[in-house]
Number of protein chains: 2
Amino acid sequence: MAMPAATTLLAWTRLLRAADLASQHCAATLRSLGLPPPEWYDVLLAIERHGAQRPRDLQAALATEQYALSRLVDRMVKAGLLIRVPCPDDARGHTLHLTIEGRAMRAAMWPVYAEAIEAALGARVVEEDRTALARLLAPLAEPVSA
Amino acid sequence: MAMPAATTLLAWTRLLRAADLASQHCAATLRSLGLPPPEWYDVLLAIERHGAQRPRDLQAALATEQYALSRLVDRMVKAGLLIRVPCPDDARGHTLHLTIEGRAMRAAMWPVYAEAIEAALGARVVEEDRTALARLLAPLAEPVSA
DNA sequence: AGCCTTTCGATGCGGATGCATGGATAAATC
DNA sequence: GATTTATCCATGCATCCGCATCGAAAGGCT
């Protein structure tokens with residue numbers, strides 16, 4: 001029942017609040033322009049960068065839950081941005097490919113996403129402090145058990 | 001369509017990931033012991049500290065959405081931790097009071113919550129860095145428009 | 001007083017999440 | 001090669017969230 005240090009509590013509340021505000025701002029900005037939420041961008045980008053992938057690989061890369069990704073892919077397939085192609089050497093799985101529309105959507109989202117990130121973070125913290133922030137957050141961006 | 005600086009993107013991803021991991025760890029720890037989620041603690045603490053309050057005050061203090069708080073209070077009332085008392089000078093509203101059980105629940109949650117925070121943050125970042133982190137996150141813990 | 005605007009809090013509805021589980025295939029073990 | 005175990009992905013179910021909106025009561029204005 002050790003009471004955490006005051007600095008721990010302060011850092012804790014600010015960390016959670018800052019991340020919440022930032023992601024909210026970003027999601028709201030995309031939404032206000034009729035664009036899909038940030039997660040969609042992350043999926044589209046991952047596939048565009050590293051080629052067609054299987055769900056389990058995306059799952060690891062994006063640090064998302066298995067069922068959450070499964071349903072996210074469902075929605076993106078339904079929206080015509082992704083297609084599921086049966087995996088030749090593993091009948092359990094499939095690979096996820098971008099459609100033309102998927103590629104176009106990623107391109108359309110980027111300027112908006114980038115602008116939102118800039119507004120939420122870049123424009124509010126100077127370069128030097130962003131570097132320090134990234135360094136301090138590095139250990140926290142790894143799983144707790146590790 | 002300005003591309004954010006590399007340091008901005010790095011800080012961005014780490015911020016979101018760190019907060020997600022931290023809050024996940026905390027929620028999972030409470031849940032594994034059959035305790036309510038962190039938001040419940042925040043409500044209980046706010047009322048215990050500052051006395052009975054109206055929803056709109058809690059809403060400001062906890063930075064939560066109006067409808068989210070409304071339903072959160074519903075659940076907590078149903079669980080017997082809170083009661084809604086009609087407001088004498090404003091027939092639209094009511095004040096939220098802790099029950100005995102509510103007080104007991106807050107006390108029961110604290111050691112677990114504290115331990116989870118310590119594990120997720122306190123034990124992974126030294127005092128000096130926690131202070132720096134809190135300072136760097138300060139501007140980001142304010143609404144984006146401000 | 002009578003209206004208009006604002007504030008307070010709840011809620012219907014569609015959609016997303018978390019948890020657990022299921023069905024199918026692949027890999028390992030014997 | 002047959003049986004067990006592990007992996008891959010989907011899904012039923014309950015809960016929770018987000019958005020919009022609503023009814024009721026205050027507060028302002030003329």
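We name chains A, B, ... by the order of the sequence lines, and we start the count at 1 in each one.
- In terms of hydrophobic clustering, with Ile, Leu, Val, Met, Phe, Trp and Tyr side chains grouped at heavy-atom distances under 4.5 Å, A:I83 and A:L44 are assigned to different clusters.
- The structure places CG of A:L98 at 7.5 Å from CE of A:M76, a figure rounded to the nearest 0.5 Å.
- At a non-hydrogen distance threshold of 4.0 Å, B:R31 from residues 27-53 of chain B come into contact with DNA chain C.
- No continuous path of hydrophobic side-chain contacts links A:L45 to B:L10 [ILVMFWY only; heavy atoms under 4.5 Å].
- With values rounded to the nearest 0.5 angstrom, B:L121 atom CG is found 9.0 Å from A:L9 atom CG.
- Between atom NE2 of residue B:H97 and atom CZ of residue B:R103 there is a gap of 11.0 Å, rounded to the nearest 0.5 Å.
- Sorted by first and then second residue, the ring-ring contact (aromatic ring centres under 6.0 Å, His included) pairs involving residues 113-139 of chain A (not counting sequence neighbours) are A:Y41-A:Y113.
- Remark: the backbone N or O of B:L81 is paired with a side-chain donor or acceptor of B:T99 at under 3.5 angstrom.
- Proximity of residues 58-78 of chain A to DNA chain C (heavy atom under 4.0 angstrom from any strand atom) is restricted to A:Y67, A:R71, A:R75.
- Residue pairs satisfying the salt bridge (charged side-chain N to carboxylate O under 4.0 Å, His left out) criterion with at least one member in residues 89-102 of chain B, sequence neighbours excluded, are listed as follows: B:R54-B:D90, B:D90-B:R92.
- Residues B:L133 and A:L137 are in side-chain contact: their nearest non-hydrogen atoms beyond the backbone lie under 4.5 Å apart.
- Remark: B:R106 pairs with B:E48 by the salt bridge (Lys or Arg N to Asp or Glu O under 4.0 Å) rule, at least two apart or across chains.
- Map A:Q24 and A:R84 each onto its nearest nucleotide of DNA chain D; the residue landing nearer the 5' end is A:R84.
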Dump the pairs, protein N or O against N or O of nucleotides 25-28 of chain C, anything under 3.5 Å, distances to one decimal.
| residue | atom | partner | partner atom | Å |
| --- | --- | --- | --- | --- |
| C:dA26 | OP1 | A:A91 | N | 3.1 |

